[in-house]
Amino acid sequence: AWASGRREKAIDRGTAIVGLLAGSAGAAGARLIATANESGAVEWRGLHRAVYHPAQRVISVRNSWRTVVRLYCTPANYGSVAAIVGDGLARGAAERVASPAPKRSAWVVAAWIAGSLIATVLSFVWEFRPGELAVWATCAGVFTCLSGLTAGCARRIFALFALPCVTLAQLLLVAAGVEPFDPMFGGTALTLTLDTGAWVTSLAALGALGLASLALLVWPQPKAPAE
């Protein structure tokens with residue numbers, strides 16, 4: 001567990017206020033993010049390794065796919081902190097072996113895959129023919145299915161591949177279905193070139209794939225029940 005002191009909290013809030021008053025959204029946003037990370041906690045069983053930087057006296061503690069927290073040490077306590085981290089990682093690895101995380105039910109996996117396949121098919125309703133839209137929608141569906149079948153880092157990698165495919169397919173769908181035209185009274189308006197219902201169905205199906213991929217990317221792995 002970690003928590004910032006009063007001085008650091010005051011600096012974060014003061015800098016955020018100054019950034020807002022100065023009209024700097026970037027500075028204000030950065031300090032607000034820092035404020036959100038002022039405290040937190042994680043179990044050792046959820047941590048997999050650490051990257052040590054003795055010259056900078058920094059220890060980056062990671063889970064299965066990203067850095068969870070960086071520990072900034074003093075010259076005096078770097079060695080003891082590194083030893084604590086090493087001992088904690090060893091205990092976490094032993095806990096994972098002794099009580100592995102529960103596996104997902106086969107019915108849940110089957111329902112997830114079926115839903116992804118149905119959404120992929122529905123994304124073709126508006127224009128069921130080979131083309132760029134079909135290619136990217138198919139890739140999005142395949143990567144979403146693979147993400148649902150795997151776990152750990154592989155799950156998130158497939159989800160990361162699926163998200164840009166969904167985005168490109170949606171952009172192509174919008175570009176193909178919406179055309180500008182000049183109305184009678186001047187200006188520019190947009191109109192759907194073909195069936196509105198089919199176009200909306202395809203767009204919604206791609207949105208469902210995107211939400212599924214995003215969920216697989218950010219949801220934590222299931223944990224073993226505490227004994």
Side-chain angles (χ1 to χ4, degrees), residues 1-104 143 146-164 212-227:
W2 63 91
S4 300
R6 291 183 178 179
R7 179 172 177 271
E8 288 73 19
K9 291 180 180 179
I11 291 174
D12 287 340
R13 286 156 178 75
T15 309
I17 293 173
V18 171
L20 288 173
L21 294 176
S24 175
R31 300 320 299 179
L32 289 174
I33 293 174
T35 301
N37 295 323
E38 285 176 346
S39 62
V42 64
E43 297 178 359
W44 283 114
R45 66 173 292 120
L47 301 174
H48 288 243
R49 69 186 185 96
V51 180
Y52 300 92
H53 306 279
Q56 294 80 21
R57 298 184 298 278
V58 177
I59 303 173
S60 300
V61 188
R62 299 177 58 86
N63 59 15
S64 61
W65 71 292
R66 67 180 180 90
T67 296
V68 176
V69 63
R70 286 187 173 88
L71 307 176
Y72 295 87
C73 308
T74 66
N77 69 9
Y78 177 82
S80 59
V81 173
I84 292 172
V85 171
D87 178 68
L89 291 175
R91 287 192 287 115
E95 290 178 11
R96 288 194 299 272
V97 173
S99 56
K103 295 182 178 180
R104 289 169 294 175
F143 285 133
L146 291 175
S147 183
L149 286 171
T150 53
C153 188
R155 184 189 76 177
R156 294 184 172 94
I157 289 175
F158 285 128
L160 281 174
F161 285 156
L163 286 172
S213 301
L214 184 62
L216 288 167
L217 179 65
V218 301
W219 276 354
Q221 297 287 348
K223 296 181 179 180
E227 297 182 356

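The analysis underlying the following values was restricted to heavy atoms, covering all of them including side chains, and did not include hydrogens, waters or symmetry mates.
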Considering residues at least two apart in sequence or located in another chain, which fulfil the ring-ring contact (aromatic ring centres under 6.0 Å, His included) criterion with Phe161?
->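 For Phe161 the ring-ring contact (aromatic ring centres under 6.0 Å, His included) partners, ignoring immediate neighbours, are Phe143.
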
Quick one: which residue pairs count as a salt bridge (Lys or Arg N to Asp or Glu O under 4.0 Å) with a foot in residues 64-83, not counting sequence neighbours?
->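 For residues 64-83, and leaving out neighbouring residues, there are no salt bridge (Lys or Arg N to Asp or Glu O under 4.0 Å) pairs at all.
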
All pairs passing salt bridge (Lys or Arg N to Asp or Glu O under 4.0 Å) where residues 71-93 contributes a residue, at least two apart =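 Sorted result for residues 71-93: Asp87-Arg91.
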
Considering all heavy atoms of both residues, which atom of Leu214 and which atom of Leu163 are nearest to each other, and what is their separation?
-> N-CD2, 4.0 Å

Do any pairs count as a side-chain hydrogen bond (donor to acceptor under 3.5 Å, both in side chains) and have a residue in residues 74-83, sequence neighbours left out, and if so which ones?
->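 Residue pairs with at least one partner in residues 74-83: Thr74-Asn77.
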
Any chance you could measure Leu89, atom CG, to Ile84, atom CD1, to the nearest 0.5 Å?
-> 12.0 Å

Name the atoms and distances for all side-chain donor-acceptor pairs under 3.5 Å in residues 46-58, with sequence neighbours left out.
none

